[in-house]
Structures are given as C-alpha cells and as structure tokens.
Amino acid sequence: MIGNSFYDQVYEIARLIPKGRVTTYGAIAKALGAAKSSRMVGTAMIHAHDPRLKVPAHRVVNRNGLLTGKHHYDTPTQMQELLTADGIQVIDDQVQDFEKVYWDPITEL
DNA sequence: GTGTTGACCCCAA
DNA sequence: TTTGGGGCCAACA
C-alpha cells in the first residue's frame, strides 16, 4: 500500500539519495512543491525510524550541513557514524565539503 | 477543541 | 554577531 501523503513523498525522495551524498530538509520540501513546509520534512524524519520505511534519515541535514537531528538517534554519535560509513566526513556535527557531497533532488532528479 | 512545540528556512535590524 | 518575526502544519498535552 503506497500512500500519497506528504510524509510518503518525503520518504520516497529520501530513499533516492545516493550513497556518499546528502541533501537538506528544505531541498526535499522544495522538490515536493512545498518549500515553506521544510519543517514538516524534519517532523517526517522522526517517523522515519520505522525500519519498514527504509529511509536513510542520516543523509538529510539542515541547510548548513549541520546534524541537527542527531539527538533523535539511539546514541549521539549514531548519525555521524552512519554518514562516515557512507564516505562522508563529519566533524563536530558538521558535514565537511558539504558543497561536494550535497545532492539536490531537484537538479539531480 | 485549544495551545504549544518542533530533525526548518528566510528575511530584517 | 545575535535576536526577533513570519510561515508551514503534524503531533502532542
């Protein structure tokens, strides 16, 4: 059963994020035609914990490339380690070379 | 049913 | 640099 809710659209795009790349909440919201609803993208990610969704929430960061949602993981380093495992350098909750690893769902999709 | 909060973003002073 | 305001809307008390 595939829903068409805003959340499901967010999850759909999040799954398309290539390994070793990241995107932002705002970019996803904008790609869905709801640029001002970027907040909802973040809220949706909280629900993304459900393993059935298979959403790589760790590849979604805020506009500054900062890991704002890391506190929602089991451990404060979980998100950072997942990104590092993807080949992304993360120092002090900040994605390094953010411009290079940034994946724009609008341009790339 | 109302009020507050929040993994955000943009703009102004 | 920090602070404040507006917008969006789901989840929660």
Side-chain angles (χ1 to χ4, degrees):
Chain A
M1 167 59 184
I2 302 175
N4 293 338
S5 67
F6 184 80
Y7 279 27
D8 291 319
Q9 308 240 358
V10 172
Y11 301 144
E12 197 172 336
I13 290 185
R15 291 193 205 101
L16 298 177
I17 302 174
K19 181 181 180 182
R21 309 295 285 287
V22 297
T23 191
T24 69
Y25 303 100
I28 294 175
K30 195 171 185 178
L32 295 177
K36 294 181 180 179
S37 299
S38 55
R39 209 167 202 162
M40 297 297 85
V41 177
T43 304
M45 288 332 210
I46 299 177
H47 288 245
H49 276 278
D50 191 329
R52 294 181 296 112
L53 299 175
K54 298 179 181 177
V55 178
H58 59 278
R59 292 178 185 164
V60 184
V61 296
N62 75 344
R63 209 296 190 200
N64 297 308
L66 198 64
L67 280 54
T68 55
K70 72 170 197 170
H71 293 298
H72 292 271
Y73 286 79
D74 294 334
T75 66
T77 57
Q78 182 83 50
M79 189 173 185
Q80 180 174 329
E81 291 181 5
L82 286 171
L83 286 171
T84 302
D86 275 359
I88 298 174
Q89 291 184 315
V90 180
I91 301 176
D92 192 31
D93 304 336
Q94 173 68 48
V95 175
Q96 302 302 300
D97 297 316
F98 181 60
E99 298 179 29
K100 297 179 182 178
V101 299
Y102 176 62
W103 179 80
D104 189 347
I106 302 174
T107 303
E108 308 287 341
L109 203 56

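Residue numbers begin at 1 in each chain, while the letters A, B, ... track the order of the sequences. In what follows, every heavy atom counts, from backbone to side chain, and hydrogens, waters and symmetry copies are set aside.
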Is there a path of hydrophobic side-chain contacts, each under 4.5 Å between heavy atoms of I/L/V/M/F/W/Y residues, joining A/L66 to A/M45? no
Going only through I, L, V, M, F, W and Y residues with side-chain contacts under 4.5 Å, is there a path from A/V10 to A/Y102? no
Looking at CE of A/M79 and NZ of A/K70, how far apart are the two atoms once the value is rounded to the nearest 0.5 Å? 10.0 Å
Sticking with atom [atom1], work out how far [N] lies from [M], rounded to a whole angstrom.
N     : M     : atom1 : value
C/dG4 : B/dT5 : P     : 15 Å
B/dA7 : C/dT3 : C1'   : 22 Å
B/dT4 : C/dG5 : P     : 15 Å

Determine the minimum heavy-atom distance between [X] and [Y], stating which atoms define it.
X     : Y     : value
A/K54 : A/R15 : O-CG, 3.5 Å
A/H47 : A/L53 : O-CD1, 3.4 Å
A/R63 : A/T24 : CA-CG2, 4.2 Å

Extract, from 5' to 3' on DNA chain B, the first and final nucleotides lying under 4.0 angstrom from some heavy atom of chain A. B/dG6 to B/dC10
In terms of relative ring orientation, are A/Y7 and A/Y11 parallel, tilted or perpendicular, with 30° and 60° separating the classes? perpendicular
Please name the residue in the list A/V22, A/V55, A/V60 that meets the side chain to side chain contact (heavy atoms under 4.5 Å, CB included) test with A/I17. A/V60
Can you give one letter per nucleotide of nucleotides 6-13 of chain C, 5' to 3': B if a protein heavy atom sits under 4.0 Å from the base, S if only from the sugar-phosphate, - if neither? -BBBSS--
